[in-house]
Structure formats: C-alpha cells, structure tokens
Amino acid sequence: MSEKDDDEKEKDSHSEDEESEESESEKESESEEEEESEKEPESEKPKAAAKKDDHAHDHGHDDHDHGDLPYGTDEVHAHIGSYKGYGAVFMALIFFTVLTVGVASIHLGKANLAVAVVIASVKATLVCTFFMHLKDDNKFNSLILIAAVTFIGVFFALTLNDVSYREKLDPQSGNRMFIQSGDKAPGSWENPIKKEEAAGPAGENKGSETKPAPTTTATASAQPGRDSGEKLGAPAGSAPAK
Amino acid sequence: MTESVAHADAHDHEEHGEHHGDHPKWLQHHWDTPAQQFDAAKIGMWAFLGQELLFFSGLFVAYAIYRTWYGEAFAAGSHELNRQMGAINTCVLLFSSLTAALSVRSSQLGKKNETTTWILLTIGCAFGFLFIKYFEYEAKFHHGLLPGSFFGTPRDMLTFAPLQGAHSVAEELPDHTHAFFSLYFVMTGLHAIHVIVGIGVWIWILKRNLRGDFSKRYFTPVDITALYWHLVDLVWIYLFPLLYLIDYVPHGAHH
C-alpha cells in the first residue's frame with residue numbers, strides 16, 4: 001500500500017524546471033516509472049487519483065525529472081489556468097450579472113427571488129470552480145465548502161421553519177395568529193371565554209378580568225411574555241415620526 | 001544514496017535528518033515537502049472560508065426573516081438604492097476577481113512583473129469599489145435613510161455634524177423600511193470591511209512579490225490571498241440581487 005502511494009506521489013508531482021540533472025538519478029526515476037506502468041492496469045485507483053495521473057502526463061512527459069530539486073517528488077503541483085479560460089469565466093459572470101438585472105424587471109411575483117438566488121448561485125459556482133481552482137484542487141477543499149453550504153441550508157431551513165410557524169397573540173380573540181396571513185395558527189389553544197366574547201358584542205375585553213380557572217390565569221400571565229417577544233420583530237425605534 | 005531516492009521516500013525513511021537540512025527558506029521546518037505545506041495551507045484557508053460563509057449566513061438568515069415579514073418595506077427600501085452604482089460595483093468586483101486569479105497564474109509561472117501588474121489592478125478595483133460605495137452611502141445619509149433607530153432622523157437633529165440638514169424621504173416609505181436599511185448597512189458594511197482588509201493583505205503580498213519571495217515553486221501566499229478575495233466577490237454576488245433588485249422597476253417608474 002505504502003509502496004503504491006509513493007509511486008503515485010512520484011507520478012503526479014513533478015517540477016517543470018527544465019534544468020538538466022545527473023544521469024544517475026535520471027536512470028533511477030525512469031526505472032521507477034517503468035514499475036509504475038506495469039502496476040497501473042491491475043491497481044484499482046480512486047477516480048481522483050487516476051485523474052491526477054492523467055494530469056501529470058499532460059504536463060510534458062519529457063521533463064519528468066526532479067533530480068535537481070532536493071525533494072522534487074513532492075513538489076507542489078497546481079493547475080495553471082489559461083488566459084482564455086479565465087477570460088471566458090469572467091465573460092460568463094458578466095453575462096449572468098446582466099441577466100439578473102434583466103430578469104428582475106420582469107414581474108414574476110415570488111419567483112423573482114428564486115430566479116435571483118439561482119442566478120447568483122450559478123455565478124458563485126463559476127467563481128468557486130474556476131477562479132478558486134476547486135476543479136483541480138484536493139477534493140477535500142470542495143468537501144469543506146459543501147459542508148459549510150449544507151450547514152447554511154440547515155440554518156435557513158430550521159430558522160425559517162420556526163419563523164413561519166411562529167404565531168403572535170391576537171388580543172381580540174385570544175388566539176395565536178400568523179403574523180403574515182392573519183390566519184389562526186395550527187394547534188393554538190383557544191380561550192373559551194374570549195371565544196364567547198367574540199360571539200357576543202365585539203370589542204368588550206373585560207372577560208379577562210374574570211379569571212375563573214387557574215389554568216386561564218397561567219395562560220394570561222404567559223401572554224405578556226409572548227407579546228413582548230413578538231415586539232422584538234418590530235423594535236421600539238422602528239416607527240418613523242409620522 | 002542519491003538525493004532523488006532520498007526524497008522519494010521522504011516520509012518514512014531514515015534519511016530524514018539529511019533531507020531536513022536541505023529545506024529552502026520558504027519551506028517551514030515542520031513540513032516534509034513543499035506539496036505538504038501547500039496542501040495544508042489550502043485546507044486551512046478553505047476552513048477559514050467555510051467559517052466566513054457561516055459568519056455571513058447569519059445576516060442572510062436575518063434578511064430572509066425580515067423580508068418575509070416586511071416584503072413591501074423591503075421593496076420600497078430597495079427602490080431607494082442606486083441600481084446603476086450597484087451594477088457597476090458588481091462588475092468592478094468581478095473584474096478584480098479575474099485579475100486576482102490572473103495574479104495567481106502569473107506567480108505560478110514565476111512571472112514576477114506580471115504578478116505585480118495584476119495585483120495592482122486588483123487593488124485599484126478594490127479602491128474603485130469603495131469609492132463608489134462611499135457615494136452610495138453619502139446619498140443614503142443625505143436622505144435620512146439611516147440604519148435602525150436613526151432612520152428618518154432629520155439631519156439637524158443629528159449630533160454628527162456632516163449629517164445635519166438632510167432632506168429625509170423616510171416619511172414617504174412604508175413602516176419597517178428601517179429594517180431593510182439596517183440590514184443594508186450591516187451587510188454592505190461588513191462586506192466593505194472585508195474589502196478593506198483585502199486591500200491590506202494585497203499590499204503585503206505586493207510587497208513580498210516585489211521583494212522576490214515568490215517563484216514557480218512557492219506561490220502559496222498569492223494563491224491564499226486570491227482565495228480570500230474571491231470570497232469577498234462571492235458575498236457580493238448574493239448581496240447585489242438581494243439588496244438592489246427587489247421588485248425591480250425600470251428607472252423613472254417610481255418617485
């Protein structure tokens with residue numbers, strides 16, 4: 001296993017320095033290479049490793065020598081992009097910027113936000129893949145990014161789930177209502193006294209003073225807390241002088 | 001034993017000490033090989049970038065919550081922003097990302113002077129971005145579109161002298177528009193801080209490049225700095241449509 005690893009290292013990392021080297025070490029590196037090529041067909045390499053190997057071969061087989069470097073076999077081997085490639089990515093980014101401005105002026109209702117986020121994500125993917133070299137990088141770096149994005153997704157999902165099912169107390173009916181729609185929140189407890197009042201003359205809220213059961217008292221005392229919690233959504237400094 | 005053999009088995013061979021003495025200046029002594037140092041630096045940077053994304057995501061979640069609650073106010077606030085300036089700044093930042101990527105490329109090829117040019121262009125774009133941002137902020141201040149509790153405060157009531165005498169348009173806007181401007185200033189402000197930090201780091205990299213620290217074999221700091229710079233670009237890629245393009249109406253359709 002370790003032997004194989006070394007072979008791989010030998011293969012995929014090499015310098016592009018063109019200086020000549022001692023013939024002795026050249027011979028050795030060649031003989032090592034022969035060993036590799038014999039082994040290669042039978043060894044089942046992970047895809048990433050195989051790709052790296054291809055890569056190494058692309059970059060000029062003829063100067064596959066590292067004897068001039070003290071530890072050349074483990075030399076940094078990073079992908080070098082072309083002007084054309086980077087230019088193309090930049091043009092694509094500009095294109096998507098123009099597109100996102102254009103699409104924003106078409107009224108699609110709620111879909112506008114989704115379209116904007118999708119276009120932004122396409123642009124972000126382009127930047128990560130090409131400008132940030134993830135395409136040719138150690139796959140572990142991509143994993144870190146994917147992990148971060150996944151947890152951002154969890155963050156969004158849980159928080160928005162909480163917020164969209166969070167209800168505020170409606171002082172009139174005593175029910176908890178959705179802030180946005182004004183509908184009754186599912187599972188909300190209904191105050192039977194207030195319900196009676198709602199059926200009776202509207203606007204009379206004195207029922208809360210006649211607390212018949214201790215359970216109602218408990219709920220009533222919990223209400224201010226909920227109310228103040230709800231007010232957090234609209235800070236005191238919010239209301240502009242009108 | 002020749003050097004090439006010694007280094008081939010650098011990890012698990014007894015020639016460790018011998019090999020150690022050959023470290024070039026830029027290879028820190030606790031790394032066996034340049035590749036090891038490079039990979040470690042990259043992984044470290046990506047871990048930091050992942051943290052940065054999570055750090056910014058808090059503000060994006062806050063944005064999502066307030067936008068679902070106060071959609072109308074967000075649209076109204078967004079219409080007060082200058083979309084042309086936002087779009088131009090997006091292009092400036094995208095271009096700086098390109099020049100940053102090209103500075104890495106030229107340093108990988110060991111072209112020192114070319115690297116200098118690309119870094120200078122990147123720094124120039126960063127200053128350009130902040131310059132445009134300054135005018136945007138100035139206009140918002142002038143119209144009383146200030147964050148949080150300062151929102152709509154007439155200028156002569158502000159104690160900070162440069163802000164006095166503003167014409168406030170805040171009265172015409174729906175309730176809770178202050179929430180949009182709070183997020184606008186915090187998100188773009190935090191982004192601008194990242195741009196400023198980026199300029200500082202680029203200047204340091206420029207200095208090191210001019211000193212001749214980098215070569216074909218060692219360009220890690222340029223690569224790492226460019227990664228940071230691309231992250232700054234990434235954040236803006238999301239900020240631009242989310243802040244500037246809500247319910248976009250072509251210019252002139254609103255007051």
Side-chain angles (χ1 to χ4, degrees), chain A residues 2 6 10 13 15-17 24-25 28-29 66-67 70-78 80-81 86 90 93-94 97 100-101 104-105 112 116 119-120 123-124 127 131-132 137-138 140-141 144-145 147-149 151-152 155-156 159-160 163-164 179-180 233-235 237-242, chain B residues 2-5 7-10 12 19 22 32-36 38-39 42-43 46-47 49-50 53-54 57 61 64-65 68-69 87 90-91 94-95 97-98 101-102 105 108-109 148-149 151-152 170-171 175-176 178-179 216-217 223 227 230 233-234 237-238 241-242 245 247-250:
Chain A
S2 70
D6 280 344
E10 174 84 21
S13 53
S15 85
E16 291 176 35
D17 289 17
E24 201 182 341
S25 57
E28 286 201 42
S29 68
H66 17 70
Y71 8 76
T73 48
D74 276 318
E75 201 62 24
V76 172
H77 181 78
I80 300 174
Y86 285 129
F90 173 68
L93 289 170
I94 294 295
T97 305
T100 196
V101 173
S105 62
N112 273 114
I119 293 176
K123 287 167 74 180
V127 170
F131 282 177
M132 297 171 99
D137 235 2
N138 190 334
F140 191 76
N141 295 340
I144 294 173
L145 176 68
V149 172
F151 277 96
I152 289 171
F155 189 12
F156 265 91
T159 313
L160 289 180
V163 167
S164 52
I179 292 171
Q180 276 177 282
S238 65
K242 285 214 163 183
Chain B
T2 61
E3 275 180 310
S4 69
V5 175
H7 63 67
D9 313 339
D12 38 32
H19 153 87
D22 294 335
D32 285 334
T33 63
Q36 192 188 27
F38 180 74
D39 283 350
K42 288 268 249 191
I43 285 173
W46 273 102
L49 296 186
L53 290 176
L54 290 166
S57 74
V61 169
I65 293 169
T68 48
W69 281 352
T90 306
C91 294
L94 288 175
F95 182 70
S97 237
L98 173 69
L102 291 175
R105 181 186 180 273
Q108 283 174 329
L109 294 169
S149 59
F151 186 72
E171 286 84 10
D175 282 354
H176 304 299
H178 72 281
K216 269 184 194 179
R217 298 177 60 205
D223 204 345
L227 282 180
H230 294 312
D233 190 30
L234 276 187
I237 282 174
Y238 282 94
L242 290 180
L245 301 177
D247 276 349
Y248 175 95
V249 274

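Everything numeric here is computed off the predicted structure, so don't read it as measured data. These values consider heavy atoms only, across backbone and side chains, with no hydrogens, waters or symmetry-generated copies. Within every chain, numbering begins at 1; the chains are lettered A, B, ... in the order of the sequence lines, protein sequences first and strands thereafter.
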Item to complete: Pick one of side chain, backbone, both or neither for Leu160(A), based on which atoms fall under 4.5 Å of a heavy atom in chain B.
Response: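 Interface part for Leu160(A): side chain.
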Worksheet item: Contact part of Ile144(A) toward chain B, heavy-atom cut-off under 4.5 Å: side chain, backbone, both or neither?
Response: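 For Ile144(A), the side chain is the part near chain B, not the backbone.
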Select, from [options], the one with the greatest count of heavy-atom pairs under 4.5 Å involving chain B.
options	answer
Ile152(A), Leu145(A), Asn141(A)	Asn141(A)
Ile119(A), Thr100(A), Val149(A), Asn112(A)	Thr100(A)
Ala116(A), Gly81(A), Ala147(A)	Gly81(A)
Phe151(A), Phe156(A), Tyr86(A), Phe131(A)	Phe131(A)

What is the distance from atom [atom1] of [X] to atom [atom2] of [Y], rounded to the nearest 0.5 Å?
X	Y	atom1	atom2	value
Asp39(B)	Phe140(A)	CG	CZ	11.5 Å
Leu93(A)	Asp233(B)	CG	CG	7.0 Å
Leu102(B)	Gln108(B)	CG	CD	10.5 Å

Worksheet item: Is the shortest heavy-atom distance from the side chain of Leu245(B) to the side chain of Val101(A) under 4.5 Å?
Response: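 Touching, per the 4.5 Å side-chain cut-off.
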Worksheet item: So do the side chains of Lys42(B) and Asn138(A) get within less than 4.5 Å of each other, counting heavy atoms only?
Response: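 They are not in contact (no side-chain heavy atoms under 4.5 Å apart), so the answer is no.
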Practice prompt. Please report the shortest heavy-atom distance between Ala120(A) and Pro241(B), naming the atom on each side.
Written response: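 The answer is CB-CG, 4.4 Å.
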Practice prompt. Taking all non-hydrogen atoms of both residues into account, name the closest pair between Leu49(B) and Met132(A) and its distance.
Written response: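 Looking at all heavy atoms of both residues, the shortest contact is CD1-CE, 3.6 Å.
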Is it the backbone or the side chain of [X] that comes under 4.5 Å from a heavy atom of chain A, or both, or neither?
X	answer
Leu234(B)	side chain
Thr90(B)	side chain
Ile237(B)	both

Item to complete: Quick one: which of Ala87(B), Ser97(B), Cys91(B) has the most heavy-atom pairs under 4.5 Å with chain A, could you say?
Response: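 Answer, by heavy-atom pair count under 4.5 Å with chain A: Ser97(B).
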